[in-house]
There are 2 protein chains.
Amino acid sequence: MLTSLSNFADDRFSTLKAAPLGMHRTAQSFSDRRESGAVHGQVLHFAADGEIYGDGDDNASFYKVLSGVVRTCKFRSDGRRQIDAFHLPGEIFGFDAGASHRLSAEAVCDCAVVAYRWRALEAPGEIDDRLAGQFFAYAMQNLQRAQEHSLLLGRRSAVQKVAAFLVELADRAACDHIIDLAMARQDIADYLGLTIETVSRTLSNLEREAVISLPTARRVCVNNAQALRRISS
Amino acid sequence: MLTSLSNFADDRFSTLKAAPLGMHRTAQSFSDRRESGAVHGQVLHFAADGEIYGDGDDNASFYKVLSGVVRTCKFRSDGRRQIDAFHLPGEIFGFDAGASHRLSAEAVCDCAVVAYRWRALEAPGEIDDRLAGQFFAYAMQNLQRAQEHSLLLGRRSAVQKVAAFLVELADRAACDHIIDLAMARQDIADYLGLTIETVSRTLSNLEREAVISLPTARRVCVNNAQALRRISS
DNA sequence: CGTGTAGTTGAGATGCGTCAATAGTTGTGG
DNA sequence: CCACAACTATTGACGCATCTCAACTACACG
């Protein structure tokens, strides 16, 4: 259901105007022609590990990934980091309700994102009506991801988590049997609630069992997708 | 931000009509006067552990809890159960995109819920526009919960999980230092990704440290809220 | 070629799960 | 009101999966 509402998910961003962001990063005006309609936003570039916004920052914009990978995460009092999600090109992030962001967003690798200012949306009341459906679709997508992530973290073994992670990446990426990891082992560990050592060991074990192979540390070849899915159960 | 959109969250349900549900459960027509406007839905009663809908069921309705507590959960192939969320009175659940529900919903204890049929919303195009904002607010609330649950499950010790769970309940419930648990130990365990034994032991330890007391198995008195929050860190 | 960072591997410690026994609670029927 | 059964919760002993600490390797970059 909700398909009728999803009709609103066609692009309404022709009504969006880029607002100056006053940022210290390289920025340029932008009009994304790949969308159905002109999308006006502010393109920003970030180097690897650059902070896009911080936990508690003013919720002025939401973002879309153009290239690279973004992580949204939370830093705990003991210094540990938990990664909420990885965002691939085309995906929306920083889409929070409330006055401030509840997570931090950082560039996993060099990446480009578009920022859409909320303020530009608030002026004429009617626009909100039409945008609400679009926003609803974004919220539901993020909701589904968050729920699946919860299920991933609850009472599963290290192998199950790592296998599920690889399956998730394979499904989202273009090619389903060669996975180029944008993220470091520490990122994977913080996403799965494991340590880097366990992630590394688990990947080595999967390679030993010929389920995957690791030509380089950042490239995973899925040799037996069926087995991988079975393991992630 | 998004406050402008939240203006749509005032009740539009006067436009909603109750549709016959053809259910084997006790049902009666309903009009919730506590809402701003007449809300027409189908009231359903469920006994403890009764199934409200199952994973994969046709996504015909979403629901609001009137009384009692509802759990949304997933059953894994190994028979284990993971609880995605508990829903208290006033909260919305079963709010899925897609043609079918991706989780099961069950009554934790005897409870009453209202079912709102999607079909009743689809007829006149204009209504969708106005409801979209309301739905967006529901989606964002569920999203926030799901994200917090993910953070709860990732690399935290048993004590941290249990303490965080108690804090969450205390915050959501009316009284913040007496918590009446509607759910069994198994439910708590499945929500936190622990075993009943570990949950039980952890509660006992917290009582031993005088942070809480357990007059009965289902009642928790928070003696030291500050300590509890610190532990959940 | 040297240095620094990222990743792998090993050995030992430990927190939580598993299995098992006990205690408490609820409901039913005499 | 008590006796009994059935279920729920607590507690204990032990094993194992994962964490921790540490050494080593591989690779990138000046």
Side-chain angles (χ1 to χ4, degrees), chain A residues 47-49 71 76 78-82 108-110 152-166 179-209 212-220 231 233, chain B residues 47-49 71 76 78-82 108-110 152-166 179-209 212-220 231 233:
Chain A
D49 294 322
R71 60 178 177 245
R76 316 242 350 267
D78 58 1
R80 279 176 175 169
R81 184 185 64 173
Q82 287 184 249
V108 169
C109 53
D110 291 358
L152 182 63
L153 292 175
R155 200 128 59 112
R156 286 170 107 126
S157 69
V159 214
Q160 287 179 314
K161 287 180 179 178
V162 171
F165 174 70
L166 292 177
I179 307 170
D180 282 303
L181 301 169
M183 62 290 286
R185 293 290 184 272
Q186 186 66 61
D187 291 318
I188 302 175
D190 290 343
Y191 180 68
L192 298 176
L194 298 171
T195 57
I196 31 171
E197 295 94 330
T198 301
V199 171
S200 183
R201 264 187 267 270
T202 306
L203 285 171
S204 299
N205 288 340
L206 286 173
E207 187 177 29
R208 198 164 303 124
E209 295 159 16
I212 61 170
S213 46
L214 296 159
T216 75
R218 293 296 186 99
R219 167 163 289 188
V220 181
I231 291 169
S233 70
Chain B
D49 294 323
R71 62 178 176 245
R76 314 236 356 265
D78 58 2
R80 280 175 174 168
R81 183 185 65 174
Q82 286 184 249
V108 169
C109 53
D110 291 358
L152 181 63
L153 292 175
R155 197 128 60 113
R156 287 171 107 125
S157 69
V159 216
Q160 287 179 313
K161 287 180 178 177
V162 172
F165 174 70
L166 293 176
I179 307 170
D180 281 303
L181 301 171
M183 62 291 286
R185 294 287 184 273
Q186 186 66 62
D187 292 318
I188 302 175
D190 291 343
Y191 180 68
L192 298 176
L194 299 171
T195 59
I196 31 170
E197 294 95 330
T198 301
V199 170
S200 184
R201 264 187 267 269
T202 306
L203 286 171
S204 299
N205 287 341
L206 286 173
E207 187 177 32
R208 199 165 301 125
E209 294 160 16
I212 61 171
S213 45
L214 296 159
T216 74
R218 293 294 186 100
R219 168 164 289 188
V220 181
I231 291 169
S233 67

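Side-chain atoms are counted along with the backbone in the values below, which use heavy atoms only and exclude waters and symmetry mates. First the proteins, then the strands, lettered A, B, ... as listed; each starts at 1. What you see is a predicted model; the values in this text were computed from it and never measured.
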May I ask you to decide if [Y]'s main-chain N or O and [X]'s side chain share a donor-acceptor pair within less than 3.5 Å?
X        : Y        : value
B/Thr202 : B/Thr198 : yes
A/Arg156 : A/Lys161 : no
A/Glu207 : A/Ile212 : no

Margin query: Could you walk me through whether A/Gln186 and A/Asp190 satisfy the side-chain hydrogen bond (donor to acceptor under 3.5 Å, both in side chains) test, starting with their C-alpha distance in whole Å, then the side-chain angles of each, then the deciding distance to 0.1 Å, before giving a yes or no?
Written below: CA-CA 6 Å; A/Gln186 186 66 61; A/Asp190 290 343; 3.1 Å; yes
Notebook entry, point to check: Under 6.0 Å from the CZ atom of B/Arg76, do we count more than 12 heavy atoms belonging to anything else shown?
Noted result: yes
Between [X] ([atom1]) and [N] ([atom2]), how many Å, whole number?
X        : N      : atom1 : atom2 : value
A/Asp190 : C/dA6  : CG    : C1'   : 15 Å
B/Arg219 : C/dT25 : CZ    : P     : 14 Å
A/Gln186 : C/dT8  : CD    : C1'   : 14 Å
B/Leu181 : D/dA9  : CG    : C1'   : 12 Å
A/Arg156 : D/dT18 : CZ    : P     : 13 Å
B/Ile188 : C/dC16 : CD1   : P     : 16 Å
A/Arg155 : D/dT18 : CZ    : P     : 14 Å
A/Asp187 : C/dA6  : CG    : C1'   : 12 Å

Notebook entry, point to check: Is any side-chain N of the basic residue among B/Asp187 and B/Arg71 closer than 4.0 Å to the acidic one's carboxylate O?
Noted result: yes
Note to self: Give the residues of residues 192-204 of chain B touching DNA chain D, defined as any heavy atom closer than 4.0 Å, sorted by residue number.
What the structure shows: B/Glu197, B/Ser200, B/Arg201, B/Ser204
Next item on the list: From the options D/dT18, D/dA9, C/dG7, select the nucleotide whose nearest atom is closest to the side chain of A/Ala158.
Entry: D/dT18
Item checked: Most 5' of A/Pro215 and A/Ser157 on DNA chain D, judged by nearest nucleotide -> A/Ser157
Next item on the list: Determine whether B/Leu206 and B/Ile231 make a side-chain contact, defined as any pair of heavy atoms from C-beta on separated by less than 4.5 Å.
Entry: yes
Notebook entry, point to check: So, is A/Arg80 near the phosphate of D/dT20, with a side-chain N or O under 4.0 Å from OP1 or OP2?
Noted result: yes
Item checked: N/O (side chain, B/Arg218) to phosphate O (OP1/OP2, C/dT25) under 4.0 Å -> no
